[in-house]
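Note sheet for the following structure.
Given the structure is predicted, the values throughout are model-derived calculations rather than measurements. Quick note on labels: first sequence line is chain A, next is B, and so on, each numbered from 1.
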There are 2 protein chains.
Amino acid sequence: MALKEGIAQYVRRFGLADMLDETALAALRLMRYGKGDLIIRSGDDVDAVLFVVEGEAKAYNSLDNGQRVLAAFYQPLDIIGEAELFSSQRYALSVEAMTSAVCLRLGVDTILAGAKPDCRLLSYICGRLGSKLTDRFKADSINLRYTVETRLAMYLLASAGDKGFCHAGLGDIADFIGCSYRQLSRVVRAFRGKGILDNIRGTLVVRDGGALELLADDLYTHTKQ
Amino acid sequence: MALKEGIAQYVRRFGLADMLDETALAALRLMRYGKGDLIIRSGDDVDAVLFVVEGEAKAYNSLDNGQRVLAAFYQPLDIIGEAELFSSQRYALSVEAMTSAVCLRLGVDTILAGAKPDCRLLSYICGRLGSKLTDRFKADSINLRYTVETRLAMYLLASAGDKGFCHAGLGDIADFIGCSYRQLSRVVRAFRGKGILDNIRGTLVVRDGGALELLADDLYTHTKQ
DNA sequence: ATCAGAATAGGACATATGTCCTAGTACGCG
DNA sequence: CGCGTACTAGGACATATGTCCTATTCTGAT
């Protein structure tokens, strides 16, 4: 099996034969990017995974409030796009080259063809880990960039859902959205005053889900897509 | 193949035969927990993965400043412990039952025995995803719970490392640690005034790594374990 | 029923932080 | 070289938020 010269040198340097079989190695494609080029675009269909072999890149997402959250800096031999591989149809983040960069591209078809019935537990675990990673990144972006009002609204919409109530204690919610019990207590009081929420014996009951969605500042409708 | 009655009913209810082969199914063990019981303890050796089949649980970690960060709420059919499966020797979080709960336990030996050479790419991807998840959780815990000073110190210790400098622009660093450019600029100025940092033509140069470690408030030494 | 600890609630005060603005410097392109 | 854009830097002001405290209610164990 003869790889192209450029690909072969990276495969040797990074020991990629240790993780890729011959079919996958033969399917690698060399991609070059200039500084500032988009390597993948948030929202595009998931069609490949990329191994960074030269240069540096960054993954980020923009929020509705105009702010940006930077998820990761990449260097060789980081992987781009593996989080969405088994868990999503769309890339969750944009990745941009910070220097000129080189990646080896491996198409999703090749990876999925190699995911045999013997590997179904690992495929499942990959899918769960990928979902956890993207969900956690989304939640933390909100927790870092929005007020506690918006964060509580988002948390309630996600966890109360259709049943309209939520058993978690305020201390646990504060630790989950990353604020103090005191500030959460203020916001719960404000929501109670506006008729959005009641707390009945340790349970938060949603009285006005529409108002929560407004407070969530369009974040909720985006998340549900 | 005859599973125990209790296990068989959960396997049927959740379709676990779709992801587990007969060897793995035979290795499942039923675990019962009371409310408040520790299901896994942060720092313990990774010896199993658990499928939640009844009840609810929460994963959390405590920080050196006495605050706590809650990583996830679990319900059926969430998995506990899979993030550390291929990426760590130790569980990164403690998981506690919030109600009485039932889990199906699958020992790591069984999973690793099933991870054949055909599956080595998936194993590798699982390992990378698991690392990303635990690393990202750690970074975000710090970003949610510590001042920008500590966050910048931690970021610099991680990214400048032994080479003592760091090319990322201040805008990107602000987006990565989740603060405004203005506040980051204040902190950089303060560090410059204390002789800890210089910025030379877009590069941050560390002048006093020891001072950074002190500012990192013992977080750095913990992370390096 | 009683008690201790956990959870909830809110006041007072301080500050870490963000927004908005102006100004200066660096860099890339034509 | 000149210009436009991106990046850095800091002032002024406002506020979201956390710490620390006291008080009340709830829950589980004896």
Nearest-angstrom distance from the residue atom [atom1] of [X] to [atom2] of [N]:
X      : N      : atom1 : atom2 : value
B:I200 : C:dA26 : CD1   : C1'   : 16 Å
B:E96  : C:dA6  : CD    : P     : 12 Å
B:R68  : C:dA6  : CZ    : P     : 13 Å
B:L197 : D:dA9  : CG    : P     : 11 Å

Tell me, for nucleotides 13-30 of chain D in 5' to 3' order, what letter each nucleotide earns: B for a base near a protein heavy atom under 4.0 Å, S for only sugar-phosphate near one, - for neither? ----BBBB----------
Does A:N199 place a side-chain N or O at less than 4.0 Å from the phosphate oxygens OP1/OP2 of C:dA9?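 It does, given that an N or O in the side chain of A:N199 lies less than 4.0 Å from OP1 or OP2 of C:dA9.
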Of the nucleotides D:dT8, C:dT8, D:dG10, which has the atom closest to the B:R192 side chain? D:dG10
What residue pairs, at least two apart or across chains, pass side-chain hydrogen bond (donor to acceptor under 3.5 Å, both in side chains) with a residue in residues 28-41 of chain B?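 Every candidate side-chain hydrogen bond (donor to acceptor under 3.5 Å, both in side chains) pair involving residues 28-41 of chain B fails, so no pair, neighbours aside, qualifies.
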Mind checking what makes ring-ring contact (aromatic ring centres under 6.0 Å, His included) contact with A:F165, not counting sequence neighbours?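 For A:F165 the ring-ring contact (aromatic ring centres under 6.0 Å, His included) partners, ignoring immediate neighbours, are A:H167.
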Can you name the residues that form a ring-ring contact (aromatic ring centres under 6.0 Å, His included) with B:Y155, not counting sequence neighbours? B:F176
Enumerate the residue pairs fulfilling salt bridge (charged side-chain N to carboxylate O under 4.0 Å, His left out) with a member in residues 66-91 of chain A, sequence neighbours excluded, ordered by first and then second residue. A:D45-A:R90, A:R68-B:D172, A:R68-B:D175, A:D78-B:R128, A:E82-B:K132
Taking only residues two or more places apart in sequence or in another chain, which ones pass side chain to side chain donor-acceptor pair (under 3.5 Å) with B:Q67?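 Residues passing side chain to side chain donor-acceptor pair (under 3.5 Å) with B:Q67: B:N65.
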Could I get the full list of side chain to side chain donor-acceptor pair (under 3.5 Å) partners for B:D47, not counting sequence neighbours? B:Y91, B:R105
Using five base pairs at each end, measure the axis-to-axis angle across the helix from C:dA1-D:dT30 to C:dG30-D:dC1 and round it to 10 degrees.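 Its terminal axes enclose an angle near 60°.
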Pairs of donor and acceptor atoms involving the side chains of residues 179-187 of chain A, under 3.5 Å and at least two apart or interchain, shall be tabulated with distances.
unit_1 : atom_1 : unit_2 : atom_2 : d
A:S180 : OG     : A:Q183 : N      : 3.1
A:Q183 : OE1    : A:R186 : NH1    : 2.6

Verify the distance criterion only: is there a donor paired with an acceptor across the side chains of B:E96 and B:Y60 at less than 3.5 Å? yes
